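Report on the following structure.
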There are 2 protein chains.
Amino acid sequence: MTLTVLVADDHAMLRSGMRAIFETQADLRCVAEVADGRAAVAEVARLRPDVAVLDIRMPKLDGLGATEMILADPANRTKVLLLTTYDSDEYVYRALNAGASGFLLKSLPPEELISAVRVAARGDALIDPSVTQRLIARFAVSLAPPPMPPELELLTAREREVLQLVAAAYSNAEIAAQLHVGDETVKTHVSRVLAKLGLRDRVHAVAYAHVNGLVQPR
Amino acid sequence: MTLTVLVADDHAMLRSGMRAIFETQADLRCVAEVADGRAAVAEVARLRPDVAVLDIRMPKLDGLGATEMILADPANRTKVLLLTTYDSDEYVYRALNAGASGFLLKSLPPEELISAVRVAARGDALIDPSVTQRLIARFAVSLAPPPMPPELELLTAREREVLQLVAAAYSNAEIAAQLHVGDETVKTHVSRVLAKLGLRDRVHAVAYAHVNGLVQPR
DNA sequence: TCGGACGTCCCCCGCGCGGGGGACCCGATT
DNA sequence: AATCGGGTCCCCCGCGCGGGGGACGTCCGA
């Protein structure tokens with residue numbers, strides 16, 4: 001089973017370099033070379049290669065835009081590998097959002113480029129290690145709970161518990177039932193929470209709790 | 001400059017296998033082999049190797065816990081590579097949150113394990129392609145706006161506008177002032193919103209709006 | 001031993017809110 | 001011309017809510 005590859009780069013020398021690299025492999029065939037993003041989109045739609053290797057910087061339509069157009073069309077099953085000279089964070093996030101199967105630097109050794117094409121073709125993905133490092137950092141913070149505002153320390157455990165329930169839009173009576181206490185007690189807790197946090201009413205409390213991530217664990 | 005490596009795995013055969021792999025490289029030295037997570041943490045603190053290769057499943061303390069302990073101590077400069085037999089999403093997210101420099105499957109070819117150690121040692125990171133694929137998907141959705149629930153289509157533009165303001169914890173009077181209309185008008189809009197969305201009161205509306213990402217663009 | 005923090009429960013009072021009506025105007029559709 | 005959806009404004013009524021008080025028990029640290 002031979003894999004077909006499209007190469008898009010505005011430098012002819014780089015294109016033929018990559019073609020030469022792929023030609024060393026019996027199971028890889030470079031079926032098209034294009035010099036800009038629009039041509040890449042068109043040729044992918046026409047030839048439906050297994051993998052498209054796109055430079056980020058290209059005339060008319062850059063690699064990111066081309067990626068988005070290619071992957072937005074469900075008729076395409078082409079996997080997209082993005083190549084760039086210098087890594088830049090914004091590029092990466094846009095590329096990954098668009099669903100690219102790879103984000104690689106041009107400093108990549110030829111044999112790894114070949115391996116990357118095979119990886120992409122089988123539906124997996126890979127990211128250049130230097131980018132992965134920052135991606136992990138970003139990913140970690142994106143999953144990390146937002147920092148607890150210090151005024152939350154003013155609340156007792158019970159009050160925080162009540163706040164959680166208020167944030168879940170329970171009425172005082174419902175909270176009382178869940179906590180097995182009287183509703184007057186709940187009113188007291190809610191009042192204290194509002195006072196300590198400087199909130200006007202339970203509506204503000206709900207908004208506060210949501211913005212400060214007290215309720216995210218859906 | 002030679003790189004020191006610690007290997008942690010509860011299977012002696014796998015440990016010696018990895019040691020053998022590293023010994024083929026002149027610049028790699030396997031300075032410790034341990035069989036459980038607690039020993040890994042202790043030896044890392046004592047020997048301060050450049051890279052620690054940890055199995056996820058280990059007695060006493062698993063690879064994830066060990067990673068967290070190692071990276072939580074700022075005195076350690078050891079990079080952590082995690083190895084696992086089967087990839088599981090939860091593992092990955094915990095590993096990345098802890099700040100691991102790599103997440104690899106044991107099916108990795110020996111030469112790539114060597115390369116992974118070098119990558120980690122220089123501060124970069126790498127993730128097994130089969131995992132990267134899902135990571136990208138997850139990352140994309142974590143950045144993508146949550147899908148608008150279809151019942152929002154029932155609302156008129158004006159009603160959505162009012163809902164936004166309700167979600168921001170404004171009172172009816174405040175909304176009326178901002179929209180330059182009477183407060184009775186706002187009451188009508190709010191009532192319609194609640195009826196159309198099947199919500200009990202404005203408190204539920206606030207929670208609904210936040211959960212469905214109608215208010216995220218802080 | 002005496003406070004103080006905390007959790008629990010109670011009363012009264014005022015008000016914002018939400019549901020039930022109805023009404024008018026306008027623009028687009030029929 | 002008639003209709004309808006959307007936006008605007010108005011009334012009344014009941015209720016949940018939040019602030020103002022106060023009270024009582026427990027537990028813990030000074």
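Computed from a predicted structure; not experimentally measured. By convention in this document, chain letters (A, B, ...) are assigned in the order of the sequence lines, proteins followed by strands, and residues within each chain are numbered from 1.
- Here B:T156 lies in heavy-atom contact (under 4.0 Å) with sugar-phosphate atoms only.
- Using a 4.0 Å cut-off between a side-chain N of Lys or Arg and a carboxylate O of Asp or Glu, A:K106 and A:D9 qualify as a salt bridge.
- Contact annotation: side chain of B:T188 to base of D:dC9, donor-acceptor pair present below 3.5 Å.
- Put simply, CG on A:L155 is 13 Å from C1' on C:dC6, counting in whole angstrom units.
- Residue A:T185 is in base contact, counting any heavy-atom pair closer than 4.0 Å across all strands shown.
- The CD-C1' distance, from B:E184 to D:dG6, rounds to 18 Å in whole Å.
- B:D50 and B:T4 form a side-chain donor-acceptor contact under 3.5 Å, judged by distance and modelled atom types alone.
- In this entry the distance linking CZ of B:R192 with P of C:dG20 reads 12 Å, nearest Å.
- At whole-Å resolution of the value, NE2 in A:H180 and P in C:dG7 are 17 Å apart.
- In this structure, A:I175 places its CD1 atom 14 Å from P of D:dG16, rounding to the nearest Å.
- Nearest nucleotide to the A:V181 side chain, out of C:dG18, C:dT8, D:dG19: C:dT8.
- Within 4.0 Å of B:N172, counting heavy atoms only, lie sugar-phosphate atoms of the nucleic acid but no base atom.
- Using a 4.0 Å cut-off, no side-chain N or O of A:R200 falls inside it from OP1 or OP2 of D:dG18.
- Counting to the nearest Å, the C1' atom of C:dC17 and the NE2 atom of A:H204 are 15 Å from each other.
- Note on B:S171: every side-chain N or O is 4.0 Å or more away from OP1 and OP2 of C:dG16.
- Here the side chain of B:K187 is nearest to one of D:dC12, D:dG19, D:dC17, namely D:dC12.
- A salt bridge links B:E174 with A:R200; the closest basic N to acidic carboxylate O contact falls under 4.0 Å.
- Rounded to an integer number of Å, the gap from A:Q178 CD to C:dT8 P is 14 Å.
- No salt bridge links B:R134 with A:D124; every basic N to acidic carboxylate O contact stays at or beyond 4.0 Å.
- Between B:A157 and A:V203, it is B:A157 whose nearest contact on DNA chain D lies nearer the 5' terminus.
- Side-chain nitrogen and oxygen atoms of A:R158 include at least one within less than 4.0 Å of the OP1 or OP2 phosphate oxygen of C:dT8.
- For the pair A:D201 CG and C:dG16 P, the computed distance is 11 Å after rounding to whole Å.
- Crowding of B:R158 atom CZ: a count of heavy atoms from other residues, nucleotides or ligands under 6.0 Å exceeding 12.
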